[in-house]
Structure formats: structure tokens, C-alpha cells
Amino acid sequence: MDTNGDLHDYGDMEARVAKLEADITAIKIDVAVIKANGATKSDIAELRSEFRSEIAGVRSEFRSEIAEVRSEIAVVRSDIAGVRLEIRSTVADAKSAIILWISGVVFLAQLVPAAVRLIEKYI
């Protein structure tokens, strides 16, 4: 309408309205499909709850496995400490044996010439 109340012809108005009606029908169908297939707030809340419980389960398993690995590491450390003690003991025994052997060799090295002299003297 014009300001003076006259009707104007805006072209093929009926065809344009029919196209709009068809477009609205298509939009309604699209919205119905989205509603049927799309996730709702409750769907998302349910998924969030499932994820939280799964994550809590994984955390629990992870903590359990970490505790198990820590206990295994403690056992290995204990074994290593035992092996260290054995090695130290063996090294100390070897040192003692070497010292005794060298002392015996030095003693015999001094005793042999004297024994040879004594044998030469009495034989």
C-alpha cells in the first residue's frame, strides 16, 4: 500500500508467496529431521555422565597399575641392594685373598733364599 491508500502491483506476488510456502515446508522438514536425529540436552548430559564414569574407571585402573609398578620397582631396588651387598662382600673377600697371597709370596720370596742357604750348608 501507498501512503495514500492505493494498492500497487508488486509483481507476481502469488508466485513469490508460493515459493516462500514451499521453502517453509522444506525448512519444517529439515527441522523435523534435525529434531529426530540431533542430540538433545538430555542426550548430551547422558553422554557427559558416561564419559565421566569411563574417565573415573580409567583413572582408577591407571592408579592401580601405577601402584603395581611402584611395588615392582621397590622389589627390584631391594634385589639390587642385595646384589650390591653380595658384590661388596665378594670384592672384600677377593681383596683379602689377594693381600694374603701377596703377603705369602713376599714371605716365601724372603724365606726361599734363606732356606736354600740352609740346605746348601747342611747338605
Side-chain angles (χ1 to χ4, degrees):
M1 264 212 233
D2 194 342
T3 54
N4 60 6
D6 292 336
L7 293 174
H8 290 284
D9 182 22
Y10 290 105
D12 191 16
M13 186 66 81
E14 286 183 25
R16 291 172 64 194
V17 169
K19 183 177 179 337
L20 286 174
E21 288 174 346
D23 288 345
I24 289 174
T25 303
I27 291 171
K28 284 181 179 181
I29 291 171
D30 290 344
V31 168
V33 168
I34 290 171
K35 283 183 177 180
N37 296 326
T40 62
K41 284 184 179 181
S42 64
D43 292 338
I44 293 171
E46 183 180 331
L47 280 175
R48 182 178 289 151
S49 174
E50 288 177 21
F51 281 142
R52 284 183 178 160
S53 67
E54 287 293 322
I55 288 171
V58 169
R59 281 182 181 162
S60 175
E61 289 177 26
F62 188 65
R63 286 181 181 147
S64 171
E65 290 181 19
I66 286 175
E68 186 177 323
V69 168
R70 284 182 177 164
S71 73
E72 290 175 7
I73 288 172
V75 169
V76 170
R77 283 183 177 168
S78 174
D79 291 346
I80 289 172
V83 169
R84 280 184 182 164
L85 286 175
E86 288 179 30
I87 289 172
R88 286 181 180 162
S89 174
T90 304
V91 168
D93 291 345
K95 284 180 182 178
S96 298
I98 290 170
I99 290 171
L100 286 174
W101 188 80
I102 290 174
S103 299
V105 168
V106 169
F107 177 73
L108 285 176
Q110 292 176 359
L111 183 65
V112 169
V116 171
R117 277 188 237 125
L118 280 175
I119 292 173
E120 287 176 352
K121 188 176 186 184
Y122 293 110
I123 294 185

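All of these numbers come straight from a predicted model, not from anything done at the bench. Scope of the values below: all heavy atoms of this structure, side chains included, with no hydrogens, waters or symmetry mates.
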> Residues two or more places apart in sequence or in another chain: which of them pass side chain to side chain donor-acceptor pair (under 3.5 Å) with S42?
Replying inline: T40

>> In this structure, would I66 and V58 fall into the same cluster of hydrophobic residues linked by side-chain contacts under 4.5 Å?
In response: no

> Is E50 atom CD crowded by more than 12 heavy atoms from other residues, nucleotides or ligands, each under 6.0 Å away?
Replying inline: yes

>> Whether the side chain of T90 engages the backbone of E86 through a donor-acceptor N/O pair (distance < 3.5 Å, no angle test) should be reported.
In response: yes

>> Please check: side-chain N/O of T25 versus main-chain N/O of E21, any donor-acceptor pairing under 3.5 Å?
In response: yes

>> For I73, run the side-chain contact (heavy atoms from CB on, under 4.5 Å) check against V75, V76, V69 and tell me which one passes.
In response: V69

Listed pairs under 3.5 Å, donor-acceptor, residues 93-121 side chains, sequence neighbours left out:
| from | atom 1 | to | atom 2 | distance (Å) |
| --- | --- | --- | --- | --- |
| S96 | OG | A92 | O | 3.1 |
| S103 | OG | I99 | O | 2.8 |

>> Measuring from atom CZ of R48 to atom CD1 of I55, what distance do you get when rounded to the nearest 0.5 angstrom?
In response: 11.0 Å

> About how many Å separate NZ of K28 and NZ of K35, when rounded to the nearest 0.5 Å?
Replying inline: 11.0 Å

> Who pairs with D23 by salt bridge (charged side-chain N to carboxylate O under 4.0 Å, His left out), at least two apart in sequence or on another chain?
Replying inline: K19

